Amino acid sequence: MIDRQAFRRSFETMQADLARRNADVIAPESAWGRARALDIKQRDLKVQAEALQAERNRVSKLIGQKKGKGDDASTELAAMGEVSRQVKALETQAKEAEAKFSAVLLEIPNPLHASVPDGNSEDDNVEIRRWGEIRSDNVPAHWDIGTDLGILDFEAGATLAGSRFTVLRGAAARLERALMQFMLNTHVDQHGYDEVWVPAIVNRKTMTGTGQLPKFEDDLYKLEGEDAFLIPTAEVPVTNLYQDQILDASTLPRRHCAYTPCFRREAGSAGRDVRGMIRQHQFDKVELVHLTTVERALSDLEELTGHAEAILQALELPYRLVELCSADIGFSAQKTYDLEVWLPSQKCYREISSCSAFGQFQGRRAGIRYREEGGKPQAVATLNGSALAIGRTLVAILENHWNADGSVTIPAVLQPYMGGMQSIS
RNA sequence: GGAGAGAUGUCUGAGUGGUUGAAGGAGCACGCCUGGAAAGCGUGUGUGUCUUAACGGGCACCGAGGGUUCGAAUCCCUCUCUCUCCGCCA
C-alpha cells in the first residue's frame, strides 16, 4: 500500500513513478485516478463528523456531571437527541468514504524504485550477468527425458487432477525431496536463515497483507464455503507471520526460509508451457523472506539474490541474472531481479527465481511495523525471493545434466540426499 | 461437530452505563539516593487517524462488526479466536 502522507505530499512524483509501469496505471478510471477525489471527500467528512462528535462528547459529559449532582439536564438531553442523530449519519458517511479510499489504495501498485530500467515488455529486461557453461548439443525436452526414464508421469497427473499436474516417480520423487532438503539446509547452515514451517491455507486478510488480494483473486485457489485460499507462495504466510505487530528495531533484520507447496490457477496463461512441468498448478518452492529496516530496504536485495544464486551454482546449473524493467515488475514490488536457468532443450533461459524488494509496501498493508529506540513505529521493509522453485530446478537438472545415453547425472551436492545415487538411468 | 468458560495496555489484573485511554501491581526509561549496586523514593511510559508551519488540539480504539442510549470497556445481536470437557481423527 502506498503511503497516505506521501500520496498527498508527493502526488506528482508518485504518479510519475507509477506511470513508468504502464500508462493505464494512472488513467482517470484507475484506482490511482480515483484516489485523490476519494481522499478529499473522506477527509472532509471526517472533519465534519469529528467536530460534531466532540460536541456530543462535551455535552454528554456535562449531562453526566449534572445528573451526578442531582441537577436537571433536560435542556441538554433534548438538544442532544438531534445532535446524536446527525453524528450517526455523518459517522456512517465518513466511515463509508474512508472505506472506499482505503479500498482504492489497496489496488494501487508499488511505485517503482528509481534504479529500475524503463521498458515496455519483458523483452526490455536487462541482463546483469551470466554464470556457467551452456551446453550447445541437442538435448531432449525434460518431458521426454523424464518419461523415458519412467520418473515423470504426466498421464497420471492428468488422470488424478487434470492438466498442469505431474506425478513424480522413484528417482524424481526422491530428487524433489532431496532438493528441498539441500536448499533448506544450505540457507539455514550457511546463509543463517531461520527456518519456519507455515500453513498452506491462509485467510483473506493475510492474502491482502502481501498484495495478492484484492486485485488478483482470480489467480488463487479459493476454498469452497470459507474465506480462505491456497497460498501461491510461502511469501504470504511467512511475511504475515508478523502482521499487526510492532517489532523492536534491534531484532531486525529477520530472515526466514521456508518450504511450502504453492498453488496457482495460472488463469492468464492458457496455452503457455502446457507440456512438461514448467508451469504447474501445484509446485514446491523454498522461499527466502527478509523483514528489515527502511535503510536496508533495497541493499538486502543483492544479498538475498546471492543466496539464491548459490543454490544454482552448487547444482552446476548455468543461469543469468536479469533485472526486470518497469513494465514487467509485479504489483507489490519496487525492484526485482529474476534468475533464469538455461534450458538446453528450449535453448533459452527460463525463470527459476524471482527476488524482489517491496520497500514498506507490504509492511503497511500487513501492519508490520518496527520501532527504533525512542522513535515512532514505522512500517518494516520486506524482501523475498525463491531459492529456488523446486519443480523447475528438477527440470533444469534433467536437461542440463542429461547424458547422451539417456541417463541424468546427479549433482555432487545432492548425492548424499539421494542415498549416494550418482545418476538416474 | 456438541457443551461450557473466556478475549482489557509490554505483562499481570481491576473495572457491569457517566469526568476511564482505562485503577493497582510488574516491567521498562529517566532522575534522586549510593563508593558502586540492590532496595527505596519521584517522574514518565499505547496505537491509528484528522488538523496545525510548529507547539498543540480533535476523533477513534478495552477480540471484530453491528445495535440500544444524550452517553458503552460496561447492556443486546452476529462473527472470529483461545481454553476445558465430549465426539471424531493422522
Side-chain angles (χ1 to χ4, degrees), chain A residues 1-11 35-106 197-209 213 223-229 237 240-252 261 360-380:
Chain A
M1 187 160 56
I2 58 168
D3 176 52
R4 289 159 100 115
Q5 301 303 322
F7 170 67
R8 286 163 203 148
R9 280 200 287 260
S10 321
F11 185 86
R36 198 171 210 177
L38 288 172
D39 184 30
I40 290 166
K41 183 177 180 192
Q42 176 260 139
R43 280 188 288 165
D44 181 51
L45 284 167
K46 204 173 269 181
V47 169
Q48 287 184 50
E50 287 179 2
L52 213 55
Q53 281 174 325
E55 169 68 5
R56 183 195 64 189
N57 291 347
R58 189 183 65 78
V59 178
S60 288
K61 202 169 269 190
L62 193 69
I63 292 170
Q65 286 169 354
K66 282 201 169 188
K67 286 203 164 178
K69 284 187 285 189
D71 293 350
D72 174 55
S74 53
T75 321
E76 287 84 356
L77 277 172
M80 277 302 98
E82 179 53 25
V83 171
S84 187
R85 258 188 300 281
Q86 287 177 27
V87 167
K88 213 156 280 181
L90 269 173
E91 256 179 352
T92 308
Q93 288 180 49
K95 226 175 248 183
E96 276 170 11
E98 154 69 31
K100 269 188 196 164
F101 179 55
S102 298
V104 95
L105 285 186
L106 288 176
W197 199 95
V198 294
I201 298 175
V202 300
N203 58 31
R204 181 172 294 273
K205 182 180 179 188
T206 297
M207 211 55 106
T208 305
L213 290 180
L223 300 199
E224 175 100 35
E226 291 183 56
D227 207 19
F229 305 82
N240 279 286
L241 225 37
Y242 301 99
Q243 69 175 219
D244 293 324
Q245 290 184 36
I246 301 178
L247 309 171
D248 196 300
S250 65
T251 68
L252 299 179
Q360 295 174 284
F361 190 81
Q362 293 182 325
R364 275 186 220 105
R365 292 173 82 102
I368 309 169
R369 292 167 292 168
Y370 72 101
R371 190 183 349 237
E372 303 276 7
E373 180 89 34
K376 286 224 154 226
Q378 58 178 325
V380 294

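Residue numbering restarts at 1 for every chain, and letters A, B, ... go by the order of the sequence lines. Reckoned from all heavy atoms, side chains included, excluding hydrogens, waters and symmetry mates. Source: prediction; values computed, not measured.
Taking atom P in both B/rG56 and B/rU45, the straight-line distance is 13 Å, to the nearest Å. B/rC33 and B/rC83: their C1' atoms are spaced 47 Å apart (whole Å). Spacing of C1' atoms, B/rG13 relative to B/rU78, comes out at 29 Å, to the nearest Å. The separation of B/rA54 from B/rA39, taken at their P atoms, amounts to 42 Å, rounded to a whole angstrom. Taking the C1' atoms as reference points, B/rG4 lies 47 Å from B/rG40, given to the whole Å. Between B/rA72 and B/rG21, the distance separating the two P atoms is 11 Å to the nearest Å. Comparing the same atom, P, in B/rG42 and in B/rC50 gives a spacing of 40 Å after rounding to whole Å. When the C1' atom is compared between B/rG57 and B/rC32, the two are found 34 Å apart, to the nearest whole Å.
A side-chain donor-acceptor contact under 3.5 Å links A/N203 and A/T206. Defined by atom type and a distance below 3.5 Å, a donor-acceptor pair is present between the side-chain atoms of A/E98 and A/S102.
Remark: B/rA53 base-pairs with no nucleotide in the shown strands. Criterion, Watson-Crick or G-U wobble with two distances under 3.5 Å. B/rG18 is paired with B/rC70 under the Watson-Crick or G-U wobble criterion, all donor-acceptor distances under 3.5 Å. Across all strands shown, B/rG1 forms a Watson-Crick or G-U wobble pair with B/rC86, both key distances being under 3.5 Å. The base-pairing partner of B/rC33, taking Watson-Crick or G-U wobble contacts with both distances under 3.5 Å, does not exist among the strands shown. The partner of B/rA26, taking Watson-Crick or G-U wobble pairs whose two distances both stay under 3.5 Å, is B/rU10. With a 3.5 Å ceiling on both atom-pair distances, the Watson-Crick or G-U wobble partner of B/rC61 is B/rG46.
Ranked by how close their nearest RNA chain B nucleotide is to the 5' end, A/E91 and A/P377 are led by A/P377. With the nearest nucleotide of RNA chain B identified for both A/M80 and A/G64, A/G64 has the one nearer the 5' end.
Between A/K205 and A/D244, some side-chain heavy-atom pair lies under the 4.5 Å cut-off. Two residues are said to be in side-chain contact when any heavy atoms from C-beta on lie closer than 4.5 Å; A/D3 and A/R364 meet this criterion.
Put simply, NZ on A/K205 is 16 Å from P on B/rU80, counting in whole angstrom units. Between the P atom of B/rG58 and the NZ atom of A/K46 lies a distance of 17 Å, rounded to the nearest Å. A/R364 places its CZ atom 15 Å from the C1' atom of B/rG48, with the value rounded to the nearest Å. The nearest whole Å value for the distance from the CG atom in A/L90 to the P atom in B/rC59 is 15 Å. Atom CZ of A/R204 and atom C1' of B/rG65 are 16 Å apart (whole Å). Nucleotide B/rC59 holds its P atom 16 Å from the NZ atom of A/K95, rounded to whole Å. Nucleotide B/rU10 holds its C1' atom 13 Å from the CD atom of A/Q245, rounded to whole Å. What separates CG of A/D71 from P of B/rU19 is a distance of 17 Å, to the nearest Å.
Which of B/rA60, B/rU47, B/rG58 sits closest to the side chain of A/R56 comes down to B/rA60. Considering only the side chain of A/R371, B/rG46 comes nearest among B/rC70, B/rG46, B/rG58. In the set B/rU19, B/rC59, B/rG46, the nucleotide with an atom closest to the side chain of A/Q65 is B/rU19. With B/rG18, B/rC59, B/rG48 as the candidates, the nucleotide lying closest to the side chain of A/K67 is B/rG18. Distances were taken from every side-chain heavy atom of A/S60 (C-beta onward) to each of B/rU47, B/rG18, B/rU49; the shortest belongs to B/rG18.
Checking the phosphate oxygens (OP1, OP2) of B/rU51, a side-chain nitrogen or oxygen of A/R43 falls inside 4.0 Å. The shortest distance between the side-chain N/O atoms of A/N57 and the OP1/OP2 oxygens of B/rG71 is not below 4.0 Å. OP1 or OP2 of B/rG48 sits under 4.0 Å from a side-chain N or O of A/R369. Listed pair A/S84 / B/rG71 meets the phosphate criterion, a side-chain N or O lying under 4.0 Å from OP1 or OP2.
Contacts of A/R58 with the nucleic acid, taken as non-hydrogen atoms under 4.0 Å apart, are absent. A/K88 comes within contact range of at least one nucleobase, with a heavy-atom separation under 4.0 Å. Using a 4.0 Å heavy-atom distance criterion, A/V47 is classed as a sugar-phosphate-only contact. Looking at heavy-atom distances under 4.0 Å, A/Q5 makes contact with sugar-phosphate atoms alone, never a base. At the heavy-atom level, A/R8 lies under 4.0 Å from the strands shown only through sugar-phosphate atoms.
A salt bridge does not link A/D72 with A/K66: none of the charged nitrogens is closer than 4.0 Å to a carboxylate oxygen. A/E91 and A/K88 are not joined by a salt bridge, as no carboxylate oxygen comes within less than 4.0 angstrom of a charged side-chain nitrogen.
In this structure, A/R56 and A/M80 approach most closely via the heavy-atom pair CA-SD, 4.1 Å.
A cation-pi arrangement is not found for A/R204 relative to A/F229, the charged atom failing to lie both closer than 6.0 Å to the ring centre and inside a 45° cone about the ring normal.
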